[in-house]
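Everything numeric here is computed off the predicted structure, so don't read it as measured data.
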Amino acid sequence: MAPRRREHDAHAVELVEVAELDDDFDAGPAGATGRTTGSGGAHPGGTAAGRAGAGSSSVGAGRMSGGEDAPGARGRTRGRPVRVVLAVVLVAGGAGASLAVGAVLERARADRVAAQAGGLWPVASEPASLWRASTGDGLPAAVDGQVVLTGAEGTVTARDITTGDELWTAHLPSGPTTCGPDLLDPAVQGSPLVCVTDRGASVGAGRNDDGFPFLVSVLDRTGRVVGSRVLTDGVEAATPLAGGRVATAARGADGVVVTWEGALDGAVERVRTVGVAPAPVDAVGSAGAEGTSTADAPVADVGMVVARGLLHVRSGDVSETFDAAGDSSAEFSSAQARGWLRERGLPGGSSARVVDDRRTGQEDRVDVVGPDGRKRFSVAGEPFVPQVTDGGPPQVLVVRMPGFTGYDATTGHRLWHREEWPEVLWLQTDDVVVMESGSRLLALETRTGREVWQRWLPTEIVRVFTDGDSVLLATVGDELGGTDGASTSVVSVSLFDGRTEWRRTLDGEYREVVSAQGVLFAVTRTEVVRLGRGTRRYRVGDLSHR
């Protein structure tokens with residue numbers, strides 16, 4: 001296509017030609033491994049502009065040469081609407097203008113993907129171990145471009161999330177200290193650092209001098225304590241949460257009272273009660289202490305821990321798990337992310353409401369309600385919410401009823417249906433949904449339900465990530481046939497055709513692979529390891545990395 005300006009009729013002809021080429025490509029051959037377009041699955045003659053898109057996630061955003069830490073172009077095809085829009089730019093302003101627009105759109109898309117839970121900056125090749133640090137006795141936290149580690153005697157140290165360079169060290173009062181939000185929490189980005197110190201533990205079962213054991217401290221990104229608060233008497237456990245909050249637990253008449261509150265002002269957001277049982281007693285009614293009967297037997301200790309944004313509360317044999325909002329595991333599926341079930345999580349600010357009304361024989365239904373509170377449409381079935389997305393509102397709602405069905409998220413129009421019952425919907429973008437079904441990983445076109453590719457899963461998937469082009473699978477064991485369940489592999493699979501792009505096996509002590517602020521980490525019982533390549537500078541909002 002010539003870059004010079006043409007008459008109006010010539011413009012129309014060229015746009016038709018571009019659309020026809022796109023139609024031919026999208027209708028190209030597809031087999032068990034999906035669509036192919038020559039060498040490596042790249043669109044012939046593709047450009048960075050032709051692969052860029054702001055409003056849709058696509059199977060083909062690219063990468064820059066040089067590795068992971070910057071968005072760019074990698075030679076894959078993007079969604080048709082974006083290509084046609086950029087064709088207008090190409091005709092009107094020339095190739096230079098289209099490349100500039102494409103670079104901006106591509107960068108915006110990479111920013112959006114990396115900001116999501118499970119989202120990553122482009123990972124072009126097998127990641128290496130860039131740096132590692134001891135985690136001491138606690139879990140690492142991550143805020144504002146920093147990984148925060150707690151040490152002995154109240155020492156808190158921050159490292160640059162990309163380079164591992166030590167940024168600051170703070171000294172809090174002596175005692176076991178937990179800082180958060182933890183590195184595994186998908187809501188870490190932009191949260192203030194909150195640390196809870198159990199000062200009473202440093203003097204055995206006694207109290208601190210002021211009679212209250214728990215101290216809450218909030219630190220800024222330089223390690224300076226900007227405020228602190230002593231928790232009230234009666235608090236038996238406390239732990240930091242994302243968003244500048246803490247959770248506390250105290251005894252109540254009906255069990256353990258769990259409170260979500262502001263770290264410094266103590267403003268109560270939510271209160272839940274966990275029913276508990278007395279401590280175990282022996283056959284004659286003794287609780288383990290001479291002269292103690294069942295009636296006055298002590299209750300079990302209370303423990304709380306936060307992992308992946310979920311709060312786990314335990315007292316004796318009774319335990320309960322809550323999400324960040326305080327909903328219990330009985331009220332949401334811990335196996336699924338909330339995704340488009342969040343308020344205003346659908347196109348146009350609409351919301352999804354799950355209805356379970358057995359009186360009418362309809363046990364599962366999803367009502368879609370507009371911002372004005374009026375119901376727009378209903379679909380029958382259980383919400384099938386993806387674990388990971390590319391950050392945009394879904395254009396298709398997937399439900400199970402049995403089988404599973406895709407509906408237009410704006411109109412409720414049924415788009416496709418498949419007669420099988422997949423276990424987990426791992427990933428959904430505007431172009432592809434990737435799910436696990438009967439030991440298979442299955443990829444479908446989001447709008448049509450047409451199978452793009454599938455592959456067998458000889459190992460268990462424990463977590464997935466995406467950079468918009470690929471789905472990264474964290475699996476237990478070695479996919480090549482090993483039986484060591486203590487090892488974890490990270491396998492990068494192309495969203496375009498299902499081929500394996502690279503594999504990294506983490507041998508030895510069990511490692512949990514997590515994403516934080518768009519980068520990969522492996523966490524062991526004693527270390528945190530930053531995985532990646534390159535030191536290219538990039539920026540997400542006001543957050544800089546190297």
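Paired with Leu472 under the rule side-chain contact (heavy atoms from CB on, under 4.5 Å), one option of Val513, Leu120, Val493 passes, and it is Leu120.
With sequence neighbours excluded, no residue satisfies salt bridge (charged side-chain N to carboxylate O under 4.0 Å, His left out) with Glu436. Glu343 meets the side chain to side chain donor-acceptor pair (under 3.5 Å) test with Ser351; sequence neighbours excluded. Qualifying side-chain contact (heavy atoms from CB on, under 4.5 Å) partners for Ser129, counting only residues two or more places apart in sequence or in other chains: Arg132, Arg504, Val529, Leu531. Legend: residues meeting ring pair (Phe, Tyr, Trp, His ring centres under 6.0 Å) with Trp131, ordered by chain and number and at least two apart, are absent. The side-chain contact (heavy atoms from CB on, under 4.5 Å) search around Thr524 returns Glu509, Arg511, Thr526, Glu527, not counting sequence neighbours. Under the side chain to side chain donor-acceptor pair (under 3.5 Å) criterion, Thr448 pairs with Glu445, not counting sequence neighbours. With sequence neighbours excluded, the residues forming a side-chain contact (heavy atoms from CB on, under 4.5 Å) with Thr405 are Val399, Met401, Tyr407, Arg414, His417, listed by chain and number. Every residue two or more places apart in sequence or in another chain that forms a side-chain contact (heavy atoms from CB on, under 4.5 Å) with Thr239 is listed here: Thr178, Ala247, Met304, Val306, Leu311. Under the rule for a salt bridge (charged side-chain N to carboxylate O under 4.0 Å, His left out), the partners of Arg440 that lie at least two apart in sequence or sit in another chain are Glu420. With sequence neighbours excluded, no residue satisfies salt bridge (charged side-chain N to carboxylate O under 4.0 Å, His left out) with Arg353. Under the rule for a ring pair (Phe, Tyr, Trp, His ring centres under 6.0 Å), the partners of Phe404 that lie at least two apart in sequence or sit in another chain are Trp416. Contacts of Trp168 classified as side chain to side chain donor-acceptor pair (under 3.5 Å), with partners at least two apart in sequence or in another chain: Gln146.
Side chain of Asp111 to backbone of Ala114: no donor-acceptor contact under 3.5 angstrom is found.
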- Item | CA sep, side-chain torsions, deciding dist, call: Phe322, Trp260, ring pair (Phe, Tyr, Trp, His ring centres under 6.0 Å) | CA-CA 11 Å; Phe322 301 92; Trp260 284 255; 5.3 Å; yes
